[in-house]
Each structure stands twice: as structure tokens, then as C-alpha cells.
Amino acid sequence: RYWVMAVMIVLVAGAGFYSSKVSFNLDQNKIIDRRIESLALQDVLERQYHISTVPIVFISQDAQTEQSKVAFLLGNCAQTFGFIQSASVAPLLGLNPGNFKGKDGSFITLAYPKENPFIEAAFQEISRAAGQVQEHFPGERNIVTGSPYLNAVMKNTVKADIFRCTAVASAFVVTIVLIGFKHLGRALRVLLPIMLGTLFSAGLMGALGININIMTVVVLPLVIGSGIDYAVYVVHRWQTEQHIVDKTIAGVAGPVVVTTLTSMIGFGSLMIASNPGLRDLGLTIATGLGVCMIISLGILPLLLVNTKT
């Protein structure tokens, strides 16, 4: 019993260490199949020509401002942006200048960064350059926008949502367990597997370099909501068997293993998907549920042993 506990302490410490390496990364390139031809071409453009296919959009209130803004970008932001499209340079590119004029008389300038704007460091540099443009051209109608800015907003939203959703799921689970068992000690034993399950899921993500993205953001709430079942089965059967652990395990092990394996197979099937985001999702959820099962059947009974065996 004590050897098992010692091993678990070491594993928990390792999982805690690797879970600290998990970060938020909403780079859409990380959750799509890089073998797609158009994406492979995008990689070539970024790697060999230092041109991203995702532009930063500058909106100017009139044609004169647009021309001045293009000149400013070429003269002061050439290290950040590698290619520019706008009404003033459209004739040189064989494009129709009218395509860059809005119905309200404003003009757009498309500035293509040299680096992937969804990478944090590159986006910080782009934001710095865009800030220089906004300072030089103040005004309500001089706007900077584009997918990278929307991505940054979404990143902050997702980060807030994951903490809120995990907190809400945890609060409801803890409340229901406390009401159901009416005993603090037993409730804490029931909650142990999902605490370790979520920790090991996060640890696996950190060890494999999987960050929280738009796909894996649901891992923790799913592991909490599904993984709690196994411990509930074990502790409830333990109460029914009058605290005799051997009978408890004999009666509940089969159903818990079958239930867990079917869930792991269901989520694990995502690991054969071509989409990297789906593969990460399937791997982390299946691992989390597997850990919850192992803790529920292997560690939880050790905590239930008292005077009767």
C-alpha cells in the first residue's frame, strides 16, 4: 500500500511539472492538416519568401490618407511587412483600384506580414508596427483589423472561458457528490480520481507539447464530468457491501472497466483523424478517463480500507 502511494506521489509530481508547461495557443495552423496542398504552399511562402498569406487590414478615411499610410508602411515598417496591396499601388500590380474602396468612401490597405501572425512573438511585432501607424494617423476612421487581431481577442476569451467552465463544472460536481454521500471524507475520496485525472491529462499535454487550443479547450470539463462516475460507482458499492473492499472491487471492477474502455475507444477514435486538433483532443480525453479508472480501481480502494477487508 505504501509503495503504491510513494509511486503515485512521484507520478503526481511529474504530472504537475509537465502540466505547468501547458499554455494557450490559438494558432489555427496547429489544428489543421499541414498536408493540404494550399497549406503546404503557405508554408513555402512563409519559409522561403517571408510572406504570410494572412494580411493586416488598415482602413483609411480618404485616398490621401491611404497614400500617406502606404508610404509610411514602406518607409517605416518594411522589416515587419513584406507585401502591400492598396488602391494607390493597385495599377502597379495590375489590380483594379476600385476593389480597395469601400461604399462609404474609405480605403483599405492589405499589409502581409513576413512572419506567421498567429505566432505570439510575430503578432507582438505586428502590433507594435500597427501601433506606430495608428499613432501617426489618428482618427476614428483610421482602423487596424484582421484575423490575427480577432484571434488575439478569441485567445483571451477562450482563456477566460476555460477557467470559468472548469470552475462551474467542478463546483457542480463537488456539490452533487457532497449531497449524494453526505460525508466529507467519502466525498473527498470520490473526488480524488478526477483531480488526478485532470492533472495527468494536463501533464500529458505538457509532456507531448500539446497546448490548449480551440479543440482541446473542452478536455478538462469532459474529464471532470465523465471521470467522476467511476469513483461514484466504487464508493457507492463499498457502502452497499458494508465497507468490505474485496467484495466492492469484485462487484464493480468489470462494469467500470467496460464503461471506461467504451468511452476511451469513442474518444480515442479521434486519434486516427488527419486533423491534428482532433488527434490531440482524442488522446488527452482518452488518457484522462483511463487515469480516472486506474485511480478509482487501484488507488481509491486503498483509501477505503479501514477495519474490514
Side-chain angles (χ1 to χ4, degrees), residues 23-34 36-159 211 213-214 276:
S23 61
F24 290 84
N25 186 347
L26 296 186
D27 181 359
Q28 16 183 312
N29 295 313
K30 299 296 183 181
I31 58 173
I32 50 182
D33 188 357
R34 306 306 301 172
I36 299 175
E37 185 177 353
S38 59
L39 295 177
L41 177 59
Q42 177 177 304
D43 288 340
V44 171
L45 290 173
E46 292 179 358
R47 190 169 55 251
Q48 297 187 16
Y49 298 95
H50 300 290
I51 294 291
S52 171
T53 58
V54 181
I56 302 299
V57 181
F58 295 90
I59 302 177
S60 304
Q61 56 190 356
D62 51 49
Q64 182 178 357
T65 304
E66 182 268 335
Q67 294 174 9
S68 300
K69 192 173 292 185
V70 170
F72 183 88
L73 286 168
L74 293 174
N76 298 274
C77 304
Q79 296 298 321
T80 304
F81 301 105
F83 184 70
I84 293 176
Q85 289 181 323
S86 67
S88 57
V89 300
L92 300 176
L93 302 174
L95 301 174
N96 180 5
N99 293 339
F100 299 90
K101 184 177 181 180
K103 293 181 179 180
D104 61 351
S106 62
F107 290 82
I108 64 169
T109 300
L110 305 180
Y112 293 84
K114 290 186 175 182
E115 304 293 338
N116 184 348
F118 297 109
I119 296 176
E120 184 67 26
F123 179 71
Q124 293 299 326
E125 173 60 24
I126 292 168
S127 297
R128 184 196 62 78
Q132 288 183 334
V133 176
Q134 286 187 297
E135 289 178 6
H136 196 77
F137 299 93
E140 294 182 358
R141 296 182 63 190
N142 288 308
I143 302 170
V144 181
T145 184
S147 296
Y149 282 89
L150 298 177
N151 186 77
V153 172
M154 184 172 65
K155 177 179 179 179
N156 293 330
T157 302
V158 169
K159 186 182 294 188
N211 291 316
N213 53 48
I214 201 65

Heavy-atom pair of closest approach, residues Phe81 and Ala129: CE1-CB, 3.9 Å

Minimum-distance pair of heavy atoms, taken over all atoms of Pro117 and Ser52: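 In terms of heavy atoms, the two residues are closest at CD-OG, 3.2 Å.
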
Counting only pairs under 3.5 Å, give me each side-chain donor-acceptor contact of residues 87-103, with atom names and distances, residues two or more places apart or in other chains.
{"residue": "Ser88", "atom": "OG", "partner": "Glu66", "partner atom": "OE2", "Å": "2.9"}
{"residue": "Ser88", "atom": "OG", "partner": "Ser86", "partner atom": "OG", "Å": "3.2"}
{"residue": "Asn96", "atom": "OD1", "partner": "Gly98", "partner atom": "N", "Å": "3.0"}

Donor-acceptor contact below 3.5 Å, side chain Lys114 vs main chain Phe83: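 Looks like no, no N/O pair under 3.5 Å.
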
Side-chain (Ser60) to main-chain (Asp62) donor-acceptor, under 3.5 angstrom: no

Donor-acceptor pair between Gln61 and Ser106 side chains, under 3.5 angstrom: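 No.
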
Quiz item: cation-pi between Lys69 and Phe137, 6.0 Å / 45°: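 Cation-pi check for Lys69 and Phe137: passes.
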
Value rounded to 0.5 Å, distance of [atom1] in [X] from [atom2] in [Y]:
X      : Y      : atom1 : atom2 : answer
Ile126 : Tyr149 : CD1   : OH    : 7.5 Å
Glu115 : Glu125 : CD    : CD    : 9.5 Å
Ile51  : Tyr112 : CD1   : OH    : 9.5 Å
Arg128 : Cys77  : CZ    : SG    : 7.0 Å
Phe58  : Thr145 : CZ    : OG1   : 10.5 Å

Greater than 12 external heavy atoms within 6.0 Å of Gln124's CD: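 More than 12 within 6.0 Å, yes.
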
More than 12 heavy atoms of other groups within 6.0 Å of Gln79 CD: no

Option among Val144, Ile84, Thr65 that satisfies the side-chain contact (heavy atoms from CB on, under 4.5 Å) test with Thr109: Ile84

Minimum side-chain heavy-atom gap Phe72-Val133 below 4.5 Å: yes

